[in-house]
Amino acid sequence: MDNKEYARILKEISILRQIRGDNHFKIRAYENGARAIENLADPLESLMDEGDITQIEGIGKSLAKELESLRETGVSSVHQELLVELDPGLLDLMKIQGLGPKRIKTLYDELGISNVDLLKEAAESGKIADVEGLGKKTQEKILAEIERLAQSSGRMPLPAARAIAYGVRDKLKEVKGVEAIDVAGSIRRGRETIGDIDILVATSGEPQPIFEAFVTLPEVEEVLVRGDTKTSARLRNGMQVDVRIVRPEQFGAALHYFTGSKEHHVKLRTRAKKMGLKINEYGVFPRDSDTPVASKTEEDLYACLDLQFIPPELREGRDEIDLAEESKVPKLVEASDMLGDLHMHTTETDGRNTILEMVEAAKARNYRYIAITDHSQAVTVAGGMTPNRFEAQIAQIREINQELEDFRIYSGIEVDILKDGSLDMDHDLLRETDWVVASVHSHFNLPKEEMTARVIRAVESGLVHCLGHATGRILGGRDGYDLDIGQVMDACAVHGVAMEINGSTGRLDLNADLARMAHDRGVKIVLTSDAHSTRGLEDLDYALQQARRAGLTKADIMNTAPELSLG
DNA sequence: GCCGTTTTCGGCCCGACTGTTTTCAGTCG
Ligand SMILES: Nc1nc2c(ncn2[C@H]2C[C@H](O)[C@@H](COP(=O)(O)OP(=O)(O)OP(=O)(O)O)O2)c(=O)[nH]1
Ligand SMILES: [Mg+2]
Ligand SMILES: [Mg+2]
Ligand SMILES: [Zn+2]
């Protein structure tokens with residue numbers, strides 16, 4: 001069993017125990033246990049083999065025993081007993097907005113509702129409204145939610161969600177009374193998928209006109225919640241947007257609250273409480289005082305807790321607070337550190353802009369260099385280059401470089417890794433060019449061993465500088481190809497081959513976790529945009545944010561150097 | 001159920017909004 005499976009069982013136990021009405025803190029222990037396993041860098045089973053998994057924070061004697069017996073017998077007795085006592089269909093009911101453990105328990109006890117189909121039947125025949133504590137509105141809402149859930153495609157990839165969020169933000173920015181506005185939540189933290197959009201507004205005036213402007217935006221389909229400090233709406237594209245409004249002097253504390261994560265808050269607030277302080281979205285308060293000791297900025301908030309500042313990308317409730325306590329929060333790589341981009345396409349293949357246009361756009365981003373990496377001929381849909389065309393492009397770039405001052409174009413290629421792991425280009429040209437990215441664009445369904453051997457063969461070729469989009473996953477699309485990424489990383493480390501964090505909107509590949517793992521195994525990391533236009537260069541920002549989530553610093557990233565140095 | 005530079009027992013984040021609750025539980029952020 002893999003970590004995901006172990007975590008899923010614990011999560012299901014926590015949900016079923018919630019419905020049964022068990023102690024909140026025991027339930028949280030299962031939730032925490034599930035999260036702890038999800039966050040592990042190594043397989044739980046190898047940690048079991050090596051020793052004591054109660055070393056893992058959040059796993060104690062009881063969970064360890066349960067997990068070990070789960071491994072041995074293939075089932076968890078706690079889980080099984082809950083499924084028998086209750087019903088596996090109840091797990092789906094928790095996905096319905098407005099239904100929590102208490103109402104689900106009531107519906108199960110009173111009406112025998114144990115799955116979504118039965119819930120729908122009961123709602124349609126009006127039985128829900130008759131249940132004590134529920135009513136007509138709840139019944140209608142349940143029906144609408146069941147409908148919506150069937151249509152919804154779940155969490156949205158970060159780039160798409162961020163574009164929508166910035167669109168709403170930019171419209172609200174123009175509204176009278178809006179003195180400050182920021183996108184918060186999982187978008188600000190850079191999670192690779194987004195559940196909903198969270199926007200914070202500061203005003204010293206009346207919030208209601210601003211809420212009114214929000215809910216009357218053309219993209220708003222339905223108002224879900226409308227209060228004095230917060231309003232939620234669903235957009236026509238299905239995305240939920242939560243808007244929270246506070247006073248300007250509370251903006252920092254509120255931004256911190258609205259940025260999350262929830263788990264970060266629970267840890268931070270517990271710590272504050274032990275110091276005699278209370279944190280809420282309005283500030284940090286001494287116990288029994290209404291006068292905040294911090295509220296204006298996030299920096300103030302961490303400072304008054306005797307903590308180093310924790311950047312949003314690290315606020316996931318892992319070990320960031322411990323690091324901040326010891327002043328060991330890494331100085332994360334920043335946009336201004338990025339001096340070049342090493343993966344992009346031009347009109348020579350499937351890009352929309354010329355080399356010179358890409359150069360101009362790169363200069364506008366304050367880069368000192370770029371690498372042009374058009375496709376090789378096996379990628380026919382992109383009009384990949386033959387050796388002749390590639391040779392001509394190398395010459396062309398050499399000429400352009402003569403004319404450039406304070407800027408360098410590296411000639412390069414995104415060479416296709418063919419089915420057998422060989423490279424789709426003349427080897428002499430690969431040796432002649434400055435920068436070789438190698439990636440897989442075909443035969444995604446090879447068996448794991450074959451795929452791993454294929455990629456490693458390319459890594460070992462001595463001709464490759466960087467492995468492109470190593471997993472091949474498409475966000476909100478196909479999974480990565482089946483390959484042993486750990487073996488690939490080790491091969492990269494041994495042969496001095498870098499791995500990219502490809503920031504192009506569909507990819508984020510490597511993702512933050514894998515980038516961290518690669519770095520820890522000694523692999524050099526490159527941030528790239530994989531731009532197919534001048535605009536596309538901006539996608540490097542997504543790669544940057546994933547690098548930050550991975551805890552990487554300027555020194556960990558190759559293209560923060562003033563020039564390409566290939567050892 | 002987990003955990004410990006105030007604890008091996010006694011804590012465990014904190015607040016907004018909705019509805020059928022006539023005084024606040026449930027759900028969500
Ligand atoms: N203190 C506290 N804050 C919370 C809690 N739940 C949510 N928040 C805060 C932190 C979250 O980042 C922020 C926005 O909530 P969301 O439900 O939108 O979560 P988030 O944006 O982190 O993830 P998402 O991608 O939307 O699922 O509100 C909670 O239980 N306690
Ligand atoms: Mg959110
Ligand atoms: Mg939200
Ligand atoms: Zn590619």
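Reminder, nothing fancy here: chain letters follow the sequence lines and each chain counts from 1. Computed from a prediction, not measured in an experiment: that's the story for all the values here.
Residues meeting the side-chain hydrogen bond (donor to acceptor under 3.5 Å, both in side chains) test with A/D539, sequence neighbours left out: none. For A/E72, there are no salt bridge (charged side-chain N to carboxylate O under 4.0 Å, His left out) partners, not counting sequence neighbours. Looking at residues two or more places apart in sequence or on another chain, you find no side-chain hydrogen bond (donor to acceptor under 3.5 Å, both in side chains) involving A/S327. With sequence neighbours excluded, the residues satisfying side-chain hydrogen bond (donor to acceptor under 3.5 Å, both in side chains) with A/D109 are A/K105.
Within the nucleic acid shown, A/I59 comes within 4.0 Å of sugar-phosphate atoms alone, with no base atom in reach, counting heavy atoms only. Residue A/T138 is classed as a sugar-phosphate contact, given heavy-atom separations below 4.0 Å to backbone atoms only. When heavy atoms are screened at a 4.0 angstrom cut-off, A/K278 is found touching the sugar-phosphate backbone but no base atom.
For residues 21-35 of chain A, proximity to DNA chain B is found at A/F25, A/K26, A/R28, A/A29, A/Y30, defined as any non-hydrogen atom under 4.0 angstrom from a strand atom. Residues from residues 299-310 of chain A with heavy atoms under 4.0 angstrom of DNA chain B: there are none.
On the C1' atoms, B/dC12 is 16 Å away from B/dT8, given to the nearest whole Å. Distance check on atom C1': B/dG1 versus B/dT5 gives 24 Å, rounded to whole Å. Between B/dA16 and B/dT21, the distance separating the two P atoms is 25 Å to the nearest Å. Using P as the reference atom, B/dG10 and B/dC17 are 38 Å apart when rounded to the nearest Å. Taking the C1' atoms as reference points, B/dT20 lies 11 Å from B/dC24, given to the whole Å.
Of the candidate nucleotides B/dG26, B/dT6, B/dT18, B/dT6 has the atom nearest to the side chain of A/K274. When distances run from any side-chain atom of A/D228 to the nucleotides B/dC17, B/dC13, B/dG29, the shortest one goes to B/dC17. Comparing B/dA16, B/dC28, B/dT20 by their closest approach to the side chain of A/Q97 singles out B/dC28. Across B/dT6, B/dC13, B/dT18, the shortest atom-to-atom separation from the side chain of A/R269 is found for B/dC13. Of the listed nucleotides (B/dC3, B/dC13, B/dG29), B/dC13 has the atom at the smallest distance from the side chain of A/T270. Minimum atom distance to the side chain of A/N280 is reached by B/dC14, of the listed B/dG26, B/dC14, B/dC17.
The side chain of A/S232 contributes no N or O atom lying less than 4.0 Å from OP1 or OP2 of B/dG29.
Between A/H265 and A/Y257, the ring-plane angle classifies as parallel under the 30° and 60° cut-offs.
Here the shortest heavy-atom pairing between A/P311 and A/R548 reads CB-NH2, 3.7 Å. Scanning both residues, A/L514 and A/T471, for their nearest heavy atoms gives CD1-CG2, 3.5 Å. Heavy-atom minimum distance, A/L70 versus A/Y6: CD2-CD2, 3.5 Å.
For A/Y257 against B/dG29, a side-chain N or O and a base N or O form a donor-acceptor pair under 3.5 Å.
The number of heavy atoms from other shown groups lying within 6.0 Å of CZ (A/R287) does not exceed 12.
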